[in-house]
Amino acid sequence: MQPSAVWAMKPLPDITAAEFRAWQELLETRSGMVLNEQRRAFLQTTLGKRLRELGLDSYASYYQQVTDGPRGAVEWSHLMDRLTVQETRFFRHPASYEYLAGYLRERLEQLERGRAWQLWSVGCSSGEEAYSLAVVAAEVQREAGLEGRRFGVTGTDLSLSALARAREGRYGARRVGELPAELLERYFLDQSDGSYQVCESLRERVCFARLNVLELERAPQRGMDVIFCQNLLIYFRRWRRREILSRLVERLVPGGLLVIGVGEVADWRHPQLQPVADERVLAFTRKG
Ligand SMILES: C[S@@+](CC[C@H](N)C(=O)[O-])C[C@H]1O[C@@H](n2cnc3c(N)ncnc32)[C@H](O)[C@@H]1O
């Protein structure tokens, strides 16, 4: 469409209550995300922008498009990229990573028995969480004088654009600015354009895949030593948070560690889990 045609389009009307409910339901059924009344204006702006890009003139026609079988799936994926909150950073909630380092130090003897650690970042966004896990695992093994890196990290997310950025593993100076200088030097290479690239030896231990947490039963990830699921469940209903967490527990090895964002599930207990004795973090280990 010519730019002039965009400006010529008549303004979109406000989204009606019934339309808003239909979008809310669709979003929640497909992603788990609850879009409350306060985010109505956000939804309207996001949809409106996309409608204009596509040259559509009603929310209803766009709704039909995204719910239209495989063709709609591609458009849905574009829309999800815009509706999901992808904010993240390296070592977000540092206490979780401090706890992780201590936990991994206690599990070094496992490596001597030939078993590599498996770590999983659920809702990894653009990869900062997955690479932070990799840095901690690499550091613990380096401090212990181990040659080679005996761990693998998987990052999963719903958003394809976030996953593409994660795979690239290249971050602006501001994003890596909070990392301690020695970690930046050891695990990142500064590029001529001022950005930083995760070093190859770390990158090759980290892989990324698309996974909707509502479809965990289909996930191949099993036998995990560590699962981080921070700042994802906050957008979901309470019952769904618990259901997802129970599914994640099934993927942990006995003794494995599950770390959740502080305050993301209140009063949650699971018969197979033991809360860790550190009140700065919300984490559990699976009973042996
Ligand atoms: C706020 S980010 C959190 C990133 C990281 N875990 C952190 O703590 O910094 C939430 C991520 O969850 C993803 N997400 C939302 N709904 C999802 C779903 N149903 N399945 C998988 N990922 C989802 C979003 O795409 C986004 O990248």
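Since we're looking at a predicted model, the values are computed, not measured. Note that ligands are numbered from 1 as they come in the structure, with each ligand's atoms numbered from 1 the same way.
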Quick test of your reading of the model: are [X] and [Y] salt-bridged, counting only N-O distances below 4.0 Å?
X      : Y      : value
Glu28  : Arg30  : no
Arg92  : Glu128 : no
Glu168 : Arg165 : no
Arg186 : Glu139 : yes
Glu200 : Arg205 : no

Quick one: which ligand 1 atoms are inside 4.0 Å of a heavy atom on [X]?
X      : answer
Asn212 : 18 (C), 19 (N), 20 (N)
Thr88  : 4 (C), 5 (C), 7 (C), 9 (O)
Ser31  : 18 (C), 19 (N)
Glu129 : 5 (C), 6 (N), 7 (C), 8 (O)
Ser125 : 4 (C), 27 (O)

**Polar proximity ligand 1 side, Asp157 side, N/O cut 3.5 Å exclusive** = yes
**Prompt:** Any N or O on Phe236 sitting closer than 3.5 Å to an N or O of ligand 1?
**Reply:** no
Looking only at protein heavy atoms, which one is nearest to [atom], and how far off is it?
atom                    : result
atom 8 (O) of ligand 1  : Asn231 ND2, 2.8 Å
atom 21 (C) of ligand 1 : Leu211 O, 3.2 Å
atom 12 (O) of ligand 1 : Leu232 CD1, 3.4 Å
atom 4 (C) of ligand 1  : Gly123 O, 3.2 Å

Per-pair distances, 0.1 Å, donor-acceptor, side chain in residues 41-48, under 3.5 Å, sequence neighbours excluded:
| unit_1 | atom_1 | unit_2 | atom_2 | d |
| --- | --- | --- | --- | --- |
| Gln44 | OE1 | Ile15 | N | 3.0 |
| Gln44 | NE2 | Asp14 | OD1 | 2.9 |
| Thr45 | OG1 | Ala41 | O | 2.7 |
| Thr46 | OG1 | Phe42 | O | 2.7 |

**Prompt:** Quick check: does any side chain N or O of Glu279 sit under 3.5 Å from a backbone N or O of Ala277, one acting as donor and the other as acceptor?
**Reply:** no
**Prompt:** Would you find more than 12 non-hydrogen atoms of other residues, nucleotides or ligands less than 6.0 Å from Glu178 atom CD?
**Reply:** no
